[in-house]
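These notes concern the structure reproduced below.
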Amino acid sequence: MKTVLISGASVAGLALAQRLHAHGYAPTVVERAPAVRRGGHAIDVRGAALTVLDRMGLLDGARRARTRTRGMSMLDGDGNELWRSTEMTYSAGRLDSDDIELLREDLTALLHRNADAHTTFLFGDAIAALDQAPDGVHVTFAGGARRTYDYVVGADGLHSGVRRLVFGPDAHHLRHLGSYVAVFTADNFLGLRDWQIWCQGETATYCVYPARDNTELRVTLGFRSEPLDHDHRDTAAHKALLAARLESLGGDTPKLLDAMWTAPDFYFDAMAQVHMDRWSRGRVALVGDAGYCASPLSGQGTSLALAGAYVLAEELGRSADPATALPRYEERMRPYVESNQALATENPGEGPSEESLERAKNALVLGEM
């Protein structure tokens, strides 16, 4: 049985593990965190990705976990309501569509349960070195172990360690989109009930909405900025930076910043895309954000991850020869990736049009199983 090491227990990594097993591979997932990561914002599953979940037997579970938002309010920088809608939200789009919005951690939990029985998980570890040979990839782990796999796949996000080892520094592949964003969880001290609030100032913004039957808040804070020289793992510095950049924003900003300091989870990074001429080299490939991050501004990152995992597994199932399978994976995915990355830069500040989003989410048509 062919073996595959997947770096990252992400949406892409977990979906890939399940699909590779279905095609006769023995998957192993290595994840730096001690368990599947919790937290994160609400994400959307659209177009071809709905077909992927259906074929994995997870579509009904995703629908049961979907958010129940009734609408949203938009505030100006002083906290005054400009307009409200019960037909759409910025995070989910039209509320009457077939798309599914659910919390990222609910989707990863669903994918983890689906993959757990046939996947070896190595939590609390990471890939330290890769040495490719004609018959496999020799891997050295940060914990000291050494093992050989037929394939290695980087599903480890925007700052992919696999990508750096095989394709070089982040600076060669990241394209900054002019802003930074943070996401964290807090108690629902605002008393929101199935309602989303956005506050937009000149250079800063926040979005907040309830989760878990209105017992929690998911908070997104953001500000516009040129690229900053910062350590993407320095949480204390990130919080101080956000406090300084958002202090003039009105609405509930002071309360949200207070909650940020004690948040049980916290994520901060640049809004950026990954652009690469190729997503594979030898027996190593990239999937999801590691290879073609579109950024949250596109609204399509999760769909790209699910579709990319499905197509990569399908091509490896058709041919175990990397010279055949990996170029075919790239050929099928490239138009879909480019269409969805373009969404993030259309109408800056307003988001993509409904027509362009519809075209992009359906740019990949999956064949019969």
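For this chain, numbers begin at 1 and follow the sequence in order.
Side-chain atoms of S298 and N340 form no donor-acceptor pair, as typed in the model, at a separation below 3.5 Å. No hydrogens or angles considered: nothing links the side chains of N188 and T215 as a donor-acceptor pair under 3.5 Å.
Taking both residues in full, the closest heavy atoms of V287 and Y329 are given as CA-OH, 3.5 Å, listed atom of the first, atom of the second, then distance. Taking both residues in full, the closest heavy atoms of A307 and V52 are given as CA-CG2, 4.2 Å, listed atom of the first, atom of the second, then distance. The shortest heavy-atom contact between L364 and R332 is CD1-O, 3.8 Å. When every heavy atom of A204 is checked against every heavy atom of L246, the shortest pair comes out as CB-CG, 4.0 Å. Nearest heavy-atom pair across C293 and A272 is SG-O, 3.4 Å. Considering every non-hydrogen atom in both V162 and S7, the closest pair reads CG2-CB, 3.6 Å.
No donor-acceptor pair under 3.5 Å is formed between the side chain of R94 and the backbone N or O of D99. Panel note: side chain D252, backbone L256; no donor-acceptor pair is recorded below 3.5 Å. The backbone N or O of Q273 sits nowhere less than 3.5 Å from a side-chain atom of Q341 that would complete a donor-acceptor pair. At distances below 3.5 Å, at least one donor-acceptor pair connects side-chain atoms of D76 with backbone N or O atoms of D78. With S160 contributing its side chain and G157 its backbone, the two residues share no donor-acceptor pair below 3.5 Å. In this structure, R283 contributes its side chain and D150 its backbone to a donor-acceptor pair below 3.5 Å. Remark: the backbone N or O of G143 is paired with a side-chain donor or acceptor of D125 at under 3.5 angstrom.
At most 12 non-hydrogen atoms from other residues, nucleotides or ligands lie less than 6.0 angstrom from CG of D187. Environment of CZ in R278: crowded, with over 12 heavy atoms of neighbouring residues, nucleotides or ligands closer than 6.0 Å. More than 12 non-hydrogen atoms from other residues, nucleotides or ligands lie less than 6.0 angstrom from CG of D135. The number of heavy atoms from other shown groups lying within 6.0 Å of CZ (R245) is above 12. Shown here is D213, whose CG atom has no more than 12 heavy atoms of other residues, nucleotides or ligands within 6.0 Å. Annotation for R38: atom CZ does not count as buried by contact number, only 12 or fewer foreign heavy atoms lying within 6.0 Å. The number of heavy atoms from other shown groups lying within 6.0 Å of CZ (R32) does not exceed 12.
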Start with the C-alpha distance between L316 and L312, add both sets of side-chain angles, then the distance that settles side-chain contact (heavy atoms from CB on, under 4.5 Å), and finish with yes or no.
CA-CA 6 Å; L316 287 173; L312 176 56; 4.0 Å; yes

Go through it in stages, so that I can follow the logic: the residues are F223 and T203, the test is side-chain contact (heavy atoms from CB on, under 4.5 Å), and I'd like the CA-CA distance, side-chain angles, deciding distance and then a yes or no.
CA-CA 6 Å; F223 61 87; T203 61; 5.7 Å; no

Start with the C-alpha gap between S91 and H41, add the side-chain angles, then the distance that decides, and say whether side-chain contact (heavy atoms from CB on, under 4.5 Å) holds.
CA-CA 9 Å; S91 67; H41 50 71; over 6 Å; no

Run the side-chain contact (heavy atoms from CB on, under 4.5 Å) check on L257 and L221 step by step: do they pass?
CA-CA 9 Å; L257 291 175; L221 308 176; 3.9 Å; yes

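For R163 and D170, the salt-bridge test passes: some basic side-chain N is under 4.0 Å from an acidic carboxylate O. Of the charged side-chain nitrogens involved, at least one lies within less than 4.0 Å of a carboxylate oxygen, so that D106 and R212 count as a salt-bridged pair.
Annotation: salt bridge (Lys or Arg N to Asp or Glu O under 4.0 Å) contacts of R334 (sequence neighbours excluded): E330. Evaluation of the salt bridge (Lys or Arg N to Asp or Glu O under 4.0 Å) rule for R218 yields E105, E216 as partners, not counting sequence neighbours.
Taking the six-membered ring where the residue is Trp, H173 and F167 present perpendicular rings, their angle passing 60° and hence far from 30°. Relative ring orientation between W83 and Y90 is described as perpendicular, the plane-to-plane angle rising above 60° on a 0-90° scale split at 30° and 60°.
With V152 as the fixed residue, the side chain to side chain contact (heavy atoms under 4.5 Å, CB included) test singles out one of V30, V137, V4: V137. Screening Q18, R55, R19 for a side-chain hydrogen bond (donor to acceptor under 3.5 Å, both in side chains) involving Y310 leaves a single residue, R55.
Separation of atoms CG (L102) and CZ (R63) is listed at 12.0 Å; rounding is to 0.5 Å.
For K239 and F266, the positive end sits near the middle of the six-membered ring, less than 6.0 Å away and at most 45° from its axis.
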